[in-house]
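When a residue number appears, it is its place in the shown sequence, counting from 1. Both ligands and their constituent atoms are indexed starting at 1 by order of listing.
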Amino acid sequence: MTDTETNSIQSLVARIKSGETSPIACVVDSINQIRQRNDDLFAFISDCEADALAQATELESAIKSGTDPGPLAGVPIAIKDGICTRGHTTTAGSKMLETFVPPYDATIVTRLKQAGAICIGKTNLDEFAMGSSTENSAFGTSKNPWSTDCVAGGSSGGSAAAVSGLFAPAAIGSDTGGSIRQPASFCGITGLKPTYGRVSRYGLMAFASSLDQIGPMAWSAQDNALLMNVLAGHDEKDSTSSREPVPDYLASLPQPIRGLRIGICEQHMAEGLDDEVRKSVADAIGLLQDLGAEIKNVSLPHSQYAVATYYVVAPCEASSNLSRYDGVRYTARESADDLKAMYSKTRKSNFGEEVTRRILLGTYSLSSGYDHELYKKASKVRRLIKQDYDNAFADVDLIAGPTVPTTAFKIGQHAQDPLAMYLADIYTASANLAGIPAISLPCGFSAGGLPIGLQLQANMFDEAKLLQTGHQYQTQTDWHTRRPQP
Ligand code: GLN
């Protein structure tokens, strides 16, 4: 990247606006990186070279003619390949959509373009965002730039690898049970899952509609704030998007966090937590205390059921959402003697193993006679998880803990054990079930040199507090400024 010092988006935009560098130079840098290193890291499924260069050329003339090129002028951005980009394949990591070219842009893509950002490529993901490692992608596994034996996380693993592998200073991910925060934690970057409804999902291929949320991934909380200023807000095209006014996320960053009440949840520091992660997270909380935050204990007694609840609710919604991929609309179609055989042949040969497992789990959990014990019961537990947060946020402003129990695991390590993979969503899934926002911040490294993430969770629509606290933490630490050796 051009801005090798810090990869800060703000300084990059300032240098572009002052003429010190140019949108074309930035795009060319990104493209060169992709050409040189994507075969190794597999952050991207496809690049957007021609469109990116055309947009950069337009921006250059806008800058020359004195037109305001926008707050993200010339910033190369990597977009998860489950988010629609007009005229450009959007696969959702699935063979089913291998050649699907959407006729429209997702709302966030439109917003980013209007702000001057340039989409340089579409990033790898677990098929339909189901997974934690991108090993479920139909096209390959993204590698962790800190150690290429390890996964970059998932499902937005390609987006995290695109930023930490220095292909682009920013990326967009989606998070249904942890898919922005877990790869951010594994790759040593900052990633925010906004409140449910804060960012439009028009053009996001639906996985579990009551949980899905789009959000930013970049090195720092400050860059996340800049991106949120562009991404957040109501969208007529997404009926679940909120009309809650959007604050200026950059404005809150400089405020000190003295007096902020931060809750520690004993259930989140319990068994199964790796010792190095525990220590780094405890140190980070100690630092927040030094900055004047008041640390209190909170209890989230139902969080122990979060994984079980999530793995009923999410597959139920997925089984319904994925019924649209039937070989009639969209792309892949296998030929067969009759319509029913065509449906089943198309789905059988174009969905991967994990997606098939989720569809089966979801269909079973919704079937008459079982739905009371499964889907309906899970919905009730979900309510209790939300109530725990409501009670906790009566006492504290934020809740701090680890993002993931471990650092990035080895490629192949959990491939034959889906349950082990599911259990690692323990700290992330409850924010989606409750709809609250949460951020992952780099807070240390293991002895083996792998990044560790601190998770902060906040009450509904309190993203500004997450970003402010993250920024204040990052003014005192340099974890987010470390870069992997290429
Ligand atoms: N790891 C979780 C899953 O497999 C979360 C995925 C996500 O947030 N998209 O479902």
Engineer: For residues Arg324 and Ala206, report the shortest heavy-atom separation together with the two atoms involved.
Structural biologist: NH2-CB, 4.4 Å
Engineer: Within a 6.0 Å radius of atom OH on Tyr305, are there more than 12 heavy atoms belonging to other residues, nucleotides or ligands?
Structural biologist: no
Engineer: Checking a contact table here: which protein heavy atom is nearest atom 7 (C) of ligand 1, and how many Å away?
Structural biologist: Ser179 OG, 2.4 Å
Engineer: With side-chain hydrogen bond (donor to acceptor under 3.5 Å, both in side chains) as the rule and sequence neighbours excluded, what pairs involving residues 182-191 come up?
Structural biologist: Thr190-Gln474
Engineer: Return the closest protein heavy atom for atom 10 (O) of ligand 1 as residue, atom name and distance.
Structural biologist: Tyr310 OH, 2.7 Å
Engineer: For a side-chain hydrogen bond (donor to acceptor under 3.5 Å, both in side chains) with Asp81, tell me which candidate from Thr123, Thr89, Thr91 qualifies.
Structural biologist: Thr91
Engineer: State, with a plain yes or no, whether a side-chain heavy atom of His414 is found less than 4.5 Å away from one of Ser132.
Structural biologist: no
Engineer: Give the atoms of ligand 1, by number and element, whose distance to some non-hydrogen atom of Ser155 is under 4.0 Å.
Structural biologist: 9 (N)
Engineer: If I apply the N/O under 3.5 Å rule, does Phe207 come out as touching ligand 1?
Structural biologist: no
Engineer: With sequence neighbours left out, which residue pairs that include part of residues 187-213 fulfil the ring pair (Phe, Tyr, Trp, His ring centres under 6.0 Å) condition?
Structural biologist: Tyr104-Tyr202
Engineer: Say whether Asp425, considering both its backbone and side-chain N or O atoms, lies within less than 3.5 Å of an N or O atom on ligand 1.
Structural biologist: yes
Engineer: N/O to N/O below 3.5 Å, does that happen between Ser174 and ligand 1?
Structural biologist: no
Engineer: List ligand 1 atoms under 4.0 Å from Ala129, heavy atoms only on the residue side.
Structural biologist: 6 (C), 7 (C), 9 (N)
Engineer: Check whether any side-chain heavy atom of His88 lies under 4.5 Å from a side-chain heavy atom of Ser46, and answer yes or no.
Structural biologist: yes
Engineer: Return yes or no for this condition: an N or O of Gly178 is under 3.5 Å from an N or O of ligand 1.
Structural biologist: yes
Engineer: Suppose I only count heavy atoms of Gly177 and a 4.0 Å limit; which atoms of ligand 1 are within that range?
Structural biologist: 5 (C), 7 (C), 8 (O)
Engineer: Can you tell me if Ala314 has a non-hydrogen atom under 4.0 Å from ligand 1?
Structural biologist: no
Engineer: In the protein, what heavy atom is nearest to atom 1 (N) of ligand 1, and what distance, to one decimal place, separates them?
Structural biologist: Ser132 OG, 2.9 Å
Engineer: Kindly confirm or rule out an N or O of Thr176 lying under 3.5 angstrom from an N or O of ligand 1.
Structural biologist: yes
Engineer: Tell me whether the guanidinium CZ or amine NZ of Arg482 lies under 6.0 angstrom from the six-membered ring centre of Trp146 and within 45° of its axis.
Structural biologist: no
Engineer: Which ligand 1 atoms, with their elements, are less than 4.0 angstrom from a heavy-atom of Tyr311?
Structural biologist: 1 (N), 2 (C), 3 (C), 4 (O), 10 (O)
Engineer: Any idea which part of Arg358 is under 4.0 Å from ligand 1, heavy-atom wise: side chain, backbone, both or neither?
Structural biologist: side chain
Engineer: Flag the pair Thr85 / Cys48 as yes when at least one side-chain heavy-atom distance between them is below 4.5 Å, and no otherwise.
Structural biologist: no
